[in-house]
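See below for the structure under consideration.
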Protein chains: 2
Amino acid sequence: MAGLAKGLAVLEAFGPETPRLTISDAARATGLSRAAARRCLMTLVEAGYLAFDEKFFTPTPRVVRLGAVYAEAVPLPQLAGPHLLALREALDESVSLAVMEGDESLFVARSEVSRVFSAGVRVGARLPLYASATGYVLLAGLDENALDAYLERVEMVACTPRTIVDPGRLRERIAQVREEGVAVSDEELEVGLFALAVPVRDSRGDMVASISVSAAAARLDVADFRDRCARVMRQHADQLGRQL
Amino acid sequence: MAGLAKGLAVLEAFGPETPRLTISDAARATGLSRAAARRCLMTLVEAGYLAFDEKFFTPTPRVVRLGAVYAEAVPLPQLAGPHLLALREALDESVSLAVMEGDESLFVARSEVSRVFSAGVRVGARLPLYASATGYVLLAGLDENALDAYLERVEMVACTPRTIVDPGRLRERIAQVREEGVAVSDEELEVGLFALAVPVRDSRGDMVASISVSAAAARLDVADFRDRCARVMRQHADQLGRQL
DNA sequence: AACTTGCGTTCGGATAACGAACACATGTAT
DNA sequence: ATACATGTGTTCGTTATCCGAACGCAAGTT
């Protein structure tokens, strides 16, 4: 069913940089012909997922129902909820749950603290695996073949001066994460952003997700922060893993 | 594009009660033929939105990306975020933002407190308009014709003994909400659940959403709770409205 | 004013979706 | 044990849908 795949691609073409699209915009973003994009957009309007004002198409709240399907149907995000809340309270920092999705880490649940400077990551956000604490953890869960393939495949572009762009160094970092059971990202994704991540492994020992904490680097001492967070994070991650 | 509409219906067939579906399940839930449902499911697997284990289909994290489209592209949920966080901190209660979607109120953003008994509503959850505080508020935003049509159209089924099932009584309640600017739901949706909601109106004065607070009825005195919350909720709702 | 560029829309032809019919497994009554 | 009933997933020829070249239109450019 080609129409379905194309329609979903069109829907995913909307995002932070492209909150409203014309027919031609959508065609360009998806690689479809204008005619095909038009058919998709029209259908999505008819189905209630998009609004149209004679010029631009914009997503309607209805798409939220689509996203909720995962949180409602899959155990992981449901079971993770209370742990994220508890961690947020314990650490007084924003906490996230991410899984590997393609070559990115995808945030599927989050519990935020109220801060003036809050990180821009939200549920649905994606980060490169090679440039985030959560990504290091998820990569550490791959077997050697899969990791080799990833390192071969992916093109690493620097997000900040500290971003790891060398496959060899990334491999070292991942080895370190495997050993220590915690990943640290100190301004490797974004200047001023510090993050800590731990693995969530299911009862079979397979990596299924990563719990992470992020905070403004200026606000904290790295070693202190790590000592304060790592243990309780690992406790919750392990407990969550046992529930899966 | 019939295929697209059908595929989205199939995807929405997954939910809390139906976390995994066979081909026949999906066909039943959507009214499609088994063959058509199969084609949709196969395509959704190919596109990465569903996983298939030779028997059951389940949603993958990828669908989260679809839902995020709304939060990423539309101003309302983005601007609401900080207000919800601030309200949560101020009231120490879970706070939600809901909009009208068809004949239901749809939760599009939420900020939760860590509690042993936390309400089951999450982002993406839907409640009947006639049985929730947030619903009363949203209905109060309709003009007379639209409200008449709604009362005519909808079939009100009691969620609890206190649920309003009489159109006349609902109309009274809505009039009360219009006058007071706050809606109260005391165990009308769920036994033991108390909720308070205020309207969010854009700069033109049109109702666009509702901010609500819910808590276990046992924990609080209704009048106290209302006095404590209503003012600060209205402040944030008004401020949010002005930003739209 | 003539041309270029980009837009949204149309329409006959190619192609993909439809559902009746099929094959298979499982449970149930004879 | 056998035959039946019911549910499942899959196939294949026909039909209806989706495709994209071609079109008309508006706005900027030469």
Side-chain angles (χ1 to χ4, degrees), chain A residues 1-60 62-63 65-66 69-70 72-75, chain B residues 1-60 62-63 65-66 69-70 72-75:
Chain A
M1 298 235 286
L4 173 52
K6 294 182 181 179
L8 291 166
V10 166
L11 200 49
E12 281 204 10
F14 291 88
E17 316 298 321
T18 53
R20 37 186 240 156
L21 300 175
T22 64
I23 291 174
S24 298
D25 291 339
R28 247 189 313 267
T30 55
L32 296 175
S33 71
R34 290 199 304 280
R38 179 176 181 269
R39 284 191 290 273
C40 289
L41 291 164
M42 296 298 207
T43 304
L44 288 168
V45 168
E46 209 162 339
Y49 296 97
L50 296 179
F52 182 44
D53 64 351
E54 304 291 290
K55 178 73 182 168
F56 289 101
F57 294 85
T58 45
T60 68
R62 177 98 191 236
V63 299
R65 283 165 58 170
L66 287 177
V69 159
Y70 177 74
E72 289 171 353
V74 177
Chain B
M1 298 234 285
L4 174 51
K6 292 180 183 182
L8 291 166
V10 167
L11 200 49
E12 281 205 8
F14 291 87
E17 316 299 321
T18 52
R20 39 188 237 154
L21 299 175
T22 63
I23 292 174
S24 298
D25 291 339
R28 247 188 313 265
T30 56
L32 297 175
S33 72
R34 291 198 304 278
R38 179 176 180 269
R39 283 191 290 273
C40 290
L41 291 165
M42 296 297 207
T43 304
L44 289 168
V45 169
E46 210 162 337
Y49 296 99
L50 296 180
F52 182 43
D53 64 351
E54 305 290 291
K55 179 71 183 169
F56 289 100
F57 294 85
T58 45
T60 69
R62 176 99 191 236
V63 299
R65 284 163 57 170
L66 287 177
V69 160
Y70 177 75
E72 288 172 353
V74 177

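Throughout, a chain's letter reflects where its sequence line sits, starting with A, and its residues are numbered from 1.
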Is the shortest side-chain heavy-atom distance between B:Leu41 and B:Phe52 below 4.5 Å? no

Find out whether A:Phe56 and A:Thr22 are in side-chain contact, i.e. whether some heavy atom of one side chain is under 4.5 Å from a heavy atom of the other. yes

On DNA chain C, check which nucleotide each of A:Arg39 and A:Thr22 is closest to and give me the residue with the more 5' one. A:Thr22

Any base atoms under 4.0 Å from A:Lys6, or only sugar-phosphate, or nothing? Heavy atoms, all strands. sugar-phosphate

Hey, which of these two, B:Met42 or B:Ala2, hits DNA chain D nearer its 5' end, going by closest nucleotide? B:Met42

Hey, does the side chain of [X] come within less than 4.0 Å of [N]'s phosphate (OP1/OP2), counting only N and O?
{"X": "B:Arg28", "N": "D:dT8", "result": "yes"}
{"X": "B:Arg38", "N": "D:dT10", "result": "yes"}
{"X": "B:Arg34", "N": "D:dT10", "result": "no"}
{"X": "A:Ser33", "N": "D:dC19", "result": "no"}
{"X": "B:Ser24", "N": "D:dT8", "result": "yes"}

Would you mind telling me which of B:Val69, B:Leu66, B:Val74 makes a side-chain contact (heavy atoms from CB on, under 4.5 Å) with A:Phe14? B:Val69

Under 4.0 Å between a Lys/Arg side-chain N and an Asp/Glu carboxylate O for B:Glu72 and B:Arg65? no

